[in-house]
J.: 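Mind looking over this structure? Questions follow.
Per chain, numbering begins at 1; letters A, B, ... match sequence-line order.
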Protein chains: 4
Amino acid sequence: MTATDPIKDAVTQARQRQILEAAVTVFAEKGYHRATIRDIARTAGIADGTIYNYFKNKQDVMMNVVLQMAEVSSLMEDVLQAAQTMTPAQLLAMVFQNRLRTLRKNLPLTRAIFPQVVTDSELQQMFFEELLLPNMEKGEAVFQAYRDRHQLGGADPKMIVRGLFSVIFGTIMMALLGDTFILDDTDAFSEQMTDIFLHGLNLDQPEREQ
Amino acid sequence: MTATDPIKDAVTQARQRQILEAAVTVFAEKGYHRATIRDIARTAGIADGTIYNYFKNKQDVMMNVVLQMAEVSSLMEDVLQAAQTMTPAQLLAMVFQNRLRTLRKNLPLTRAIFPQVVTDSELQQMFFEELLLPNMEKGEAVFQAYRDRHQLGGADPKMIVRGLFSVIFGTIMMALLGDTFILDDTDAFSEQMTDIFLHGLNLDQPEREQ
Amino acid sequence: MTATDPIKDAVTQARQRQILEAAVTVFAEKGYHRATIRDIARTAGIADGTIYNYFKNKQDVMMNVVLQMAEVSSLMEDVLQAAQTMTPAQLLAMVFQNRLRTLRKNLPLTRAIFPQVVTDSELQQMFFEELLLPNMEKGEAVFQAYRDRHQLGGADPKMIVRGLFSVIFGTIMMALLGDTFILDDTDAFSEQMTDIFLHGLNLDQPEREQ
Amino acid sequence: MTATDPIKDAVTQARQRQILEAAVTVFAEKGYHRATIRDIARTAGIADGTIYNYFKNKQDVMMNVVLQMAEVSSLMEDVLQAAQTMTPAQLLAMVFQNRLRTLRKNLPLTRAIFPQVVTDSELQQMFFEELLLPNMEKGEAVFQAYRDRHQLGGADPKMIVRGLFSVIFGTIMMALLGDTFILDDTDAFSEQMTDIFLHGLNLDQPEREQ
DNA sequence: TATGAATGAGATTTCATTCAT
DNA sequence: CATGAATGAAATCTCATTCAT
């Protein structure tokens with residue numbers, strides 16, 4: 001029974017992807033609440049009921065949409081690991097640019113997801129544990145490494161990472177709240193914030209010393 | 001024509017406040033969607049229909065809850081104006097602390113409001129035009145003044161303000177997403193971020209020169 | 001207590017007229033159901049509650065609007081009585097023209113009143129007993145008189161009157177249902193129908209004989 | 001694309017009929033406004049929501065009740081076409097009798113429908129375009145044919161048809177307004193009105209000449 | 001596994017009417 | 001008598017979810 005038939009698994013995964021793709025489209029277009037299961041089913045070209053063979057309920061669909069972003073976001077993890085050979089300056093610049101560009105592409109979906117993640121405690125917890133926390137820990141490790149290599153002043157890596165994440169999430173919020181200034185000139189803002197952090201953390205000096 | 005009877009006005013305002021207070025309570029407890037008009041009415045100790053004598057609809061109630069926050073926020077405006085006699089360091093420290101402490105007190109309400117502001121385009125626009133933009137402009141003016149007095153390097157005030165607001169909104173987001181680290185030690189984080197910004201903007205040097 | 005103070009009575013009647021006038025305006029504009037008591041009060045320039053000092057409820061307002069039409073319609077009674085010196089041809093022509101012209105002026109109000117009279121059994125009964133039946137009886141008397149004077153064939157006056165009233169109400173219905181043909185050329189239709197009836201009832205022959 | 005599955009179509013139609021039947025019952029009993037969707041659903045033995053799988057809203061249900069009458073009324077069309085072999089006298093007699101008998105059977109439903117058709121402009125337009133106008137045009141054609149065959153005097157067919165329809169609608173109105181005289185003796189009234197029209201239009205003379 | 005019709009709980013909103021001032 | 005704020009019943013409609021086929 002539980003013997004995993006690889007073919008069936010593949011079919012199942014394909015179907016799930018198909019549904020999630022449709023969900024992403026519809027959520028981005030209408031937001032979570034105004035998106036109906038019927039919308040998603042129609043967009044996916046399947047029947048309403050079929051969705052319930054692959055997901056527990058609407059919340060579960062959203063959950064998996066978010067988790068899917070996790071995988072995309074794990075690209076970021078790779079980046080962070082690869083980043084251990086970078087200077088802090090390079091790292092910061094890259095992270096800012098990467099995140100802001102991603103945001104600009106996905107603003108409508110982001111607008112649908114964030115409110116729901118913040119509102120739904122189950123979703124929020126999942127998001128925190130599966131995505132936010134791991135990534136923050138990655139970041140802390142990187143900054144700890146810098147510190148160990150004396151490339152960094154005495155600032156607490158935890159704090160630094162919070163600062164970085166705050167700027168990034170804050171930028172997202174600003175965009176969602178209607179301030180287009182940052183999005184209009186992503187690169188300038190990235191540079192500016194990179195500068196501030198480098199300087200502020202005294203990361204520019206030690207760097208050159210190397 | 002519409003000769004304003006001061007007594008009736010007072011009664012009306014009192015009733016509105018009563019409803020908004022109830023709305024704040026209920027929204028904070030259940031979030032926007034799960035909060036029903038009936039909940040709010042019961043909490044306010046009035047009949048459902050009465051709410052519609054004071055607000056157009058549920059969205060309008062939320063709108064006014066947000067606007068009410070504006071008045072609280074206008075405290076911030078005063079602060080900003082009073083701030084013109086402060087050093088940048090003092091200003092930054094104060095703003096950070098003020099905002100984070102306010103946030104910590106109002107986290108549940110914030111959790112109800114933000115998603116809705118981001119989701120509802122009408123609400124979002126109102127929020128942007130009535131609250132966000134004016135406050136940003138105040139901030140820009142303050143930093144422009146610093147710049148004119150040579151207390152500030154060449155950074156664009158618009159950018160600086162975006163940076164500051166991003167950190168603040170980002171911090172809110174972090175809290176809403178479940179990261180208690182910042183909230184647990186608001187003051188340390190404030191200091192840290194103030195430091196980074198001061199340093200990063202070269203605001204510490206000119207200051208001393210004075 | 002019940003001593004009727006003529007001054008108060010006059011005031012009361014004036015107020016009632018004021019309300020009914022407003023009601024006519026609002027009913028004509030919105031129809032019975034979409035017209036609110038508030039609409040009527042605003043239009044009359046008084047408070048909602050005041051209406052209930054002069055009328056039992058909304059239905060009662062409508063009832064009196066209809067009764068008011070009765071008085072206008074009693075003009076018709078006068079006409080009918082005066083008509084006893086007319087030839088049948090003159091009478092028919094006059095009645096048709098009179099009714100159709102009145103209709104054309106009051107189409108929107110008619111559109112509001114008829115449905116309600118037909119729907120509300122109390123209103124319907126009142127309308128029948130106070131307006132329809134008396135007028136029909138007047139008509140029957142007139143035609144009976146014609147018959148007695150041998151100006152009319154053997155047709156039953158009751159039937160004739162039903163026929164006449166049917167054409168008139170039917171014309172109203174046609175107009176309410178959207179057929180503008182009759183309304184566009186009221187006079188031609190009046191002539192046509194007069195002709196048919198005169199001819200059909202052999203009213204044209206005896207007439208000339210006189 | 002929308003390959004029509006005949007079985008599903010049949011089921012759908014059956015369900016629609018079931019709902020409309022219930023609607024007819026409830027509307028006839030309570031009138032449009034006091035009939036609730038719940039009433040109709042209960043009467044049809046289904047859930048409230050199910051109605052919305054088959055009709056857009058309550059108005060749409062009424063609309064289809066009226067349209068359904070159209071099909072019944074199309075019997076009348078057949079009649080009219082078959083009528084081309086009849087003498088005008090036969091035709092008139094038949095139409096009057098047919099309509100009045102139908103009315104007598106459906107008085108309560110008629111009482112519910114007419115007010116709403118007159119009140120709701122969308123419904124009215126549909127009624128006019130789908131039912132009234134086509135039937136009037138049929139009638140005009142028939143009378144034009146009579147005229148061409150010199151069975152009719154110089155009267156304008158359009159006018160004649162308006163006259164006929166007015167009498168019919170007027171009779172309906174009289175019944176709805178509480179005058180039972182006509183309904184009590186449908187046949188006598190039919191004869192009477194047929195006579196008047198025949199005579200009035202000089203339709204009796206040419207007839208005999210043939 | 002796929003379908004999609006059926007379900008029915010649930011929420012917003014309107015508005016005639018009342019009644020304290 | 002006038003006012004108009006308060007009332008709360010009542011009705012439409014939506015949509016996530018189920019389940020028989």
J.: Other residues, nucleotides and ligands only: do more than 12 of their heavy atoms fall within 6.0 Å of CD on C:Glu21?
T.: no
J.: To the nearest Å, how far apart are C:Ile51 CD1 and F:dC1 C1'?
T.: 14 Å
J.: Can you find a heavy atom in the side chain of D:Gln13 that is under 4.5 Å from one in the side chain of D:Arg17?
T.: yes
J.: Can you see which heavy atom on D:Phe55 is nearest to which on D:Asp60, and at what distance?
T.: CA-OD2, 3.4 Å
J.: If the condition is side chain to side chain contact (heavy atoms under 4.5 Å, CB included), which residues does C:Asp39 pass it with, not counting sequence neighbours?
T.: C:Val26, C:Lys30, C:Thr36
J.: Kindly state which residues belonging to residues 119-126 of chain D come within less than 4.0 angstrom of DNA chain E, counting heavy atoms of the residue only, listed by number.
T.: none
J.: Are any non-hydrogen side-chain atoms of B:Ile113 and B:Met62 less than 4.5 angstrom apart?
T.: yes
J.: Which is true for B:Tyr54 with a 4.0 Å heavy-atom rule: it touches a base, it touches only sugar-phosphate, or it touches nothing?
T.: sugar-phosphate
J.: Calculate, to the nearest 0.5 Å, the distance between atoms CZ and CG belonging to D:Phe128 and C:Leu177 respectively.
T.: 9.0 Å
J.: Would you say CD of B:Glu122 has more than 12 non-hydrogen atoms from neighbouring residues, nucleotides or ligands within 6.0 angstrom?
T.: no
J.: Mind checking what makes salt bridge (charged side-chain N to carboxylate O under 4.0 Å, His left out) contact with A:Arg34, not counting sequence neighbours?
T.: none
J.: Which parts of residues 10-28 of chain C get close to DNA chain F, meaning a heavy atom less than 4.0 angstrom away?
T.: C:Thr12, C:Arg15
J.: Apply side chain to side chain contact (heavy atoms under 4.5 Å, CB included) to residues C:Lys58 and C:Ile40 and explain how you reach the verdict.
T.: CA-CA 10 Å; C:Lys58 189 181 172 184; C:Ile40 298 173; 5.6 Å; no
J.: Could you state the CD1-P distance from A:Ile40 to E:dG4, rounded to the nearest angstrom?
T.: 17 Å
J.: Determine whether D:Tyr54 and D:Leu20 satisfy the following criterion, side chain to side chain contact (heavy atoms under 4.5 Å, CB included), listing intermediate values before the conclusion.
T.: CA-CA 10 Å; D:Tyr54 295 89; D:Leu20 290 181; over 6 Å; no
J.: Between B:Ile46 (CD1) and F:dG8 (C1'), how many Å, whole number?
T.: 12 Å
J.: Students often mix this up, so state it plainly: with edges at 30° and 60°, are the rings of C:Phe127 and C:Phe114 parallel, tilted or perpendicular?
T.: perpendicular
J.: Checking side-chain polar atoms at under 3.5 Å, does A:Asn64 have a donor or acceptor matched by the opposite partner on A:Gln16?
T.: no
J.: Using a cut-off of 4.0 Å between protein heavy atoms and nucleotide atoms, how would you tag nucleotides 12-19 of chain E 5' to 3' with B, S and -?
T.: SBBSSBB-
J.: Please round to the nearest 0.5 Å and tell me the distance separating atom CZ of B:Arg111 and atom CG of B:Leu176.
T.: 5.0 Å
J.: Taking atom C1' of F:dT12 as reference, at what distance in whole Å does atom CZ of D:Phe55 sit?
T.: 16 Å
J.: Quick one: stems for DNA chain E, with Watson-Crick or G-U pairs under 3.5 Å, at least three in a row?
T.: E:2-21 with F:2-21
J.: What is the distance, to the nearest angstrom, from the CD1 atom on B:Ile7 to the P atom on F:dA5?
T.: 14 Å
J.: Please give, in whole Å, the distance from E:dG10 P to B:Lys30 NZ?
T.: 11 Å
J.: Find the distance B:Lys8:NZ to F:dA6:C1' and express it as a whole number of Å.
T.: 14 Å
